[in-house]
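So that the names make sense, note that chain A is the first sequence line, chain B the second, and so on, each numbered from 1.
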There are 2 protein chains.
Amino acid sequence: MFADLDRTGPLPMYSQVAERLEEAIRTGVIPAGGRIESEIAIAERLRLSRPTIRRAIQDLVDKGLLVRRRGIGTQVVSGRVTRAVELTSLFDDLDAAGARPRTDLLLHEAIQAADDVAHELGLQAGAPVLHVRRVRYADGAPVAVLENWLPGDLADLTEEALRERGLYQLLRARGVGIRIAHQTIAARGCAGDEADLLGLPARAPVLSVERVTHDHTGRTIELGRHCYHPDRYRFSTTLVAR
Amino acid sequence: MFADLDRTGPLPMYSQVAERLEEAIRTGVIPAGGRIESEIAIAERLRLSRPTIRRAIQDLVDKGLLVRRRGIGTQVVSGRVTRAVELTSLFDDLDAAGARPRTDLLLHEAIQAADDVAHELGLQAGAPVLHVRRVRYADGAPVAVLENWLPGDLADLTEEALRERGLYQLLRARGVGIRIAHQTIAARGCAGDEADLLGLPARAPVLSVERVTHDHTGRTIELGRHCYHPDRYRFSTTLVAR
DNA sequence: AAGTGGTCTAGACCACCGA
DNA sequence: CGGTGGTCTAGACCACTTC
């Protein structure tokens, strides 16, 4: 199970150990409800220190795959194991699922930020921002209407680029990595042209998300107000009490 | 800022340090975008070890309050700081917000689990389960329709108890602590009597959540299928890339 | 009593950044 | 170059559970 650990490469040992453990859990080598070895036993076997093994195990606890009890040991959570939500983009998710994402660009304008947008982005009202509105399709069917605002200094994203790639991909290529997202998820009825764009009846329910993202410096990168087709998108999370 | 650390009490030092730091961030003592001291400096000042301080800081990074960069330092995330989602119950949340929660019990029956319910709970089809259906009010206004299934050995929750307290409170009093929740959030139109119960027009949009929870042993405790009034409930999360 | 995880220490070396 | 965070070590003591 712990064969082929690379002790000199760039990948930290704790991350390699966590990877192997997760693999063993997902493939059923360690069954649901089963106990893993104690951290001391693993540490000795792999000739690694206990804190290193602890870190690997703790990462999987945070992912909701393991539970630990003092005096007892560490067990695999029973029930089917779901993959935890990562901070990924819709475009990449669809792409990875083989769903052939496509984007219609409805709007691409440099404007002055309205009060609410400026507030969310941490700018002065009236500051220059880029406003884009897109429809995202998967396998030809509309999945979401995506409306975004970005600070003026990120406003050089071209219309062509936005038609071909996801927003986060473009930002990443510019050296802007998304690190933190605060989002609020709600339900509401379609408004304006949303029903038409998503192929839904008027006032049909949609999943609505407002998201503010920050990069690795803590700077606000983007405000997104999105609505999703109720049958083609849902949101999964794993919550773990610490 | 770090006055009154209790060095002998039951509360771990890293948690006390994290608490003080979070307080300083939320009250603006350390402003958005501002840098905190290096972990070594804090460790020396508090006469604690570096790993202890690291753990405190890392907890706040995981909460989305701080960002760290090698060679630079640790900064407060800019923009308004939102409170991260905890694994809490609706009842407790409403109570804490001073919203005077109230519960109507619509259904309380011991039944045999249907296939889908049994599967989610990790039981055999036909196994005995407790099925409850409730309407939760805040300040007299309906917020959610809550439908839950629990394994048979947790089925001794009385109707009276369920009218007076939240489900998680009752489970906790029985020594069952919720530790992990997997949930899926979606939007849909009201079905059946939901519109009536929530005071909404027929087929109005609702936020729909399916949640499976596990206790500290990894055992499946509860399946919940809930729908929420779209104007009275929304869902906030913070995602942090690691 | 023995074994588990929870906390904490006092170092070490490294990669990365800015001056 | 010095300072920062990222990783890792080899111990220690404790609380809790099971036997």
What's [X] touching, base or sugar-phosphate or nothing? Going by heavy atoms closer than 4.0 Å.
| X | answer |
| --- | --- |
| A/Pro51 | base |
| B/Arg50 | base |
| A/Leu48 | sugar-phosphate |
| A/Arg55 | sugar-phosphate |

Original post:
If we only count heavy atoms from C-beta on, is the B/Gln183 to B/Phe235 side-chain gap below 4.5 Å?
Top reply: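 Contact flag for B/Gln183/B/Phe235 side chains = yes.
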
Original post:
Relative to the 5' end of DNA chain D, which residue comes earlier, B/Arg35 or A/Arg69, by the nucleotide with the nearest heavy atom?
Top reply: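 The residue mapped nearer the 5' terminus is B/Arg35.
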
**OP:** Using the closest heavy atom to pick a nucleotide of DNA chain D for each, name whichever of B/Gln58 or A/Ser49 lands nearer the 5' end.
**Re:**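 The residue closer to the strand's 5' end, by nearest nucleotide, is B/Gln58.
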
Original post:
How about B/Glu222 and B/Thr213: does a side-chain donor come under 3.5 Å of a side-chain acceptor?
Top reply: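 Result is yes, a qualifying pair exists.
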
Short question: side chain of [X], backbone of [Y] - any donor-acceptor pair under 3.5 Å?
| X | Y | result |
| --- | --- | --- |
| B/Arg20 | B/Asp4 | yes |
| A/Glu120 | A/Val212 | no |
| B/Asp215 | B/Gly218 | yes |

Original post:
Among A/Arg45, A/Arg70, A/Arg68, A/Arg55, which residue meets the salt bridge (Lys or Arg N to Asp or Glu O under 4.0 Å) test with A/Glu39?
Top reply: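 Per the salt bridge (Lys or Arg N to Asp or Glu O under 4.0 Å) rule, the option paired with A/Glu39 is A/Arg68, out of A/Arg45, A/Arg70, A/Arg68, A/Arg55.
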
Original post:
What's the CD1-P distance between A/Ile40 and C/dG5, to the nearest Å?
Top reply: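 In whole Å, C/dG5 P lies 7 Å from A/Ile40 CD1.
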
Subject >> Positional range of nucleotides in DNA chain D within the contact set of chain B, heavy-atom, under 4.0 Å >> reply: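 The contact span of chain B on DNA chain D goes from D/dG3 to D/dT7.
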
Subject >> Which residue lies more 5' along DNA chain C, comparing A/Gly73 with B/Ile72 via nearest heavy atoms >> reply: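 So the residue in question is A/Gly73.
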
